[in-house]
There are 2 protein chains.
Amino acid sequence: MYSAAMSTADRLVESTRELLWERGYVGTSPKAILERAAAGQGSMYHHFKGKQDLALAAIRRTADEMTATAESVLSRPGTPYERIEAYLLRERDVLRGCPVGRLTMDPDVIASDALRAPVDATIARIRQRLADVVEEGRQQGQFAADLDAEEIASAVVATVQGGYVLARASGSPAAFDAGVRGLLALLRPA
Amino acid sequence: MYSAAMSTADRLVESTRELLWERGYVGTSPKAILERAAAGQGSMYHHFKGKQDLALAAIRRTADEMTATAESVLSRPGTPYERIEAYLLRERDVLRGCPVGRLTMDPDVIASDALRAPVDATIARIRQRLADVVEEGRQQGQFAADLDAEEIASAVVATVQGGYVLARASGSPAAFDAGVRGLLALLRPA
DNA sequence: GTCTATATCTGGATAGAC
DNA sequence: GTCTATCCAGATATAGAC
């Protein structure tokens with residue numbers, strides 16, 4: 001199921017990442033994790049304190065990966081508008097939803113400061129990075145001078161997160177694309 | 001806990017609606033529903049076939065209520081922009097999230113066509129109603145002629161749904177408001 | 001219609017052998 | 001480090017009494 005070179009601890013984290021993405025925290029049981037990782041109970045409780053501790057390791061890894069992907073796309077060459085466009089149009093597994101954002105709908109994640117922290121940090125960092133790009137475009141005159149960069153960045157992130165909701169509700173990625181195109185049309189420089 | 005005039009079946013549905021909102025489908029147990037409704041096992045299995053059947057009744061009721069609220073706000077007097085603004089700014093329990101949209105992150109809801117159907121129908125209907133308003137504004141010249149009404153409507157709904165994600169991640173409704181203000185700034189007629 | 005009793009399975013964790 | 005055995009509570013449902 002995983003590369004033979006992967007340690008048991010790593011297999012446990014990877015299985016947990018997948019299951020958190022597919023089923024969320026409350027929907028993921030230790031048993032399911034162990035089966036997917038082909039590991040026994042003993043291994044899990046040797047490497048991690050329990051379900052929450054393992055989930056925290058998994059969430060951190062996913063959060064770091066997503067932050068890196070976003071930073072990378074937004075640092076590519078191009079005008080501010082083009083970079084935001086690239087962020088919005090980057091390839092996504094739309095129907096699976098956002099592996100970080102979906103955790104905000106999980107009651108046990110929201111109830112735990114430790115589990116929520118990496119989720120909050122990831123979204124805040126991407127939003128800030130987007131705000132920097134918007135501000136740059138504003139200074140250059142590509143965007144209207146009276147726009148608030150932080151607010152536009154929030155709208156961009158929200159459109160992405162909400163796009164997943166639309167897509168999953170309708171069972172089709174088209175709904176995500178429609179929202180993104182709508183936002184880009186409003187943002188497009190004249 | 002509920003009005004004494006409320007039937008056992010109604011109490012069960014209301015309890016389920018609350019719990020689905022707070023914890024989602026996978027996070028809600030029949031036991032928790034029964035405790036909140038002050039009902040016994042027998043009542044639940046007499047009135048409903050099981051957890052899924054009860055959840056379906058609860059989701060339908062919530063979906064109908066949300067559709068009615070949206071239609072009502074969007075039908076108020078005012079220019080198209082003002083009506084969209086009213087929809088975006090209407091009072092919301094932001095940190096609790098959207099009782100319909102949150103269900104799209106629930107694996108068991110998405111896996112069941114029966115449970116997903118009312119979620120899909122609600123979002124599609126609100127989006128269509130918004131598209132009609134946008135189209136009206138476009139015809140009147142309040143919005144740019146080259147905008148696609150359906151796409152703008154998708155962006156509006158996505159911003160709301162994604163706004164809940166931002167708010168819950170940060171633990172503050174301010175993040176929702178920022179996204180909404182950003183979108184309104186982009187949409188605002190000159 | 002509602003109650004209690006019961007059944008079976010899973011959730012989440014511990015204990016101790018190897 | 002990993003395994004198996006075991007634990008107790010909860011999830012979901014059925015049976016049958018009242």
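Quick note on labels: first sequence line is chain A, next is B, and so on, each numbered from 1. These numbers come from the heavy atoms of this one structure, side chains and all, not from hydrogens, waters or symmetry mates.
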Measure the distance from [atom1] on [X] to [atom2] on [N] and round it to the nearest whole Å.
X	N	atom1	atom2	answer
B/K49	D/dT12	NZ	P	18 Å
B/F48	D/dT14	CZ	C1'	18 Å
A/D53	C/dA13	CG	P	10 Å
B/L34	D/dG10	CG	P	14 Å
A/M44	C/dG11	CE	P	11 Å
B/R11	C/dG1	CZ	P	14 Å
B/L54	D/dA13	CG	P	11 Å
B/R23	D/dG10	CZ	P	13 Å

Among the nucleotides [options], which one has an atom lying closest to any side-chain atom of [X]?
X	options	answer
B/Q41	D/dA13, C/dT10, C/dT2	D/dA13
B/S43	C/dC3, C/dG11, D/dT2	C/dC3
B/Y45	D/dA13, C/dT14, D/dT2	D/dA13
B/K31	C/dG12, D/dG10, C/dT2	D/dG10
A/K51	C/dG12, D/dA11, C/dT10	C/dG12

Exercise. Of A/P30 and A/G42, whose closest DNA chain C nucleotide lies nearer the 5' terminus?
Worked result: A/P30
Exercise. Below 4.5 Å, heavy atoms only, C-beta onward: do A/P99 and A/R17 meet side chain to side chain?
Worked result: no
For this session: Find out whether the Lys NZ or Arg CZ of A/R92 is both under 6.0 angstrom from the six-membered ring centre of A/Y87 and within 45° of the ring's axis.
Result: yes
Problem set entry | B/R96 to B/W21 six-membered ring, cation-pi geometry met (6.0 Å, 45°) | yes
Problem set entry | Phosphate contact (D/dT2 OP1 or OP2) by A/T8 side-chain N/O below 4.0 Å | yes
Exercise. Between B/H46 and C/dC3, does any side-chain N or O lie under 4.0 Å from OP1 or OP2?
Worked result: no
Exercise. Do NZ/NE/NH1/NH2 and the carboxylate oxygens of A/D106 and B/R23 come within less than 4.0 Å?
Worked result: no
Exercise. Charged N to carboxylate O below 4.0 Å: is that the case for B/E65 and B/R60?
Worked result: no
Problem set entry | Counterpart residues, side chain to side chain contact (heavy atoms under 4.5 Å, CB included), relative to B/T8 (two or more places apart) | B/R11, B/L12, B/A39, B/S43, B/H47
Exercise. Got a sec? Which of residues 102-110 of chain B come in under 4.0 Å of DNA chain D, heavy atoms?
Worked result: none
Seminar exercise, completed: ring-ring contact (aromatic ring centres under 6.0 Å, His included) pairs touching residues 124-182 of chain A, sequence neighbours excluded, are A/Y164-A/F176
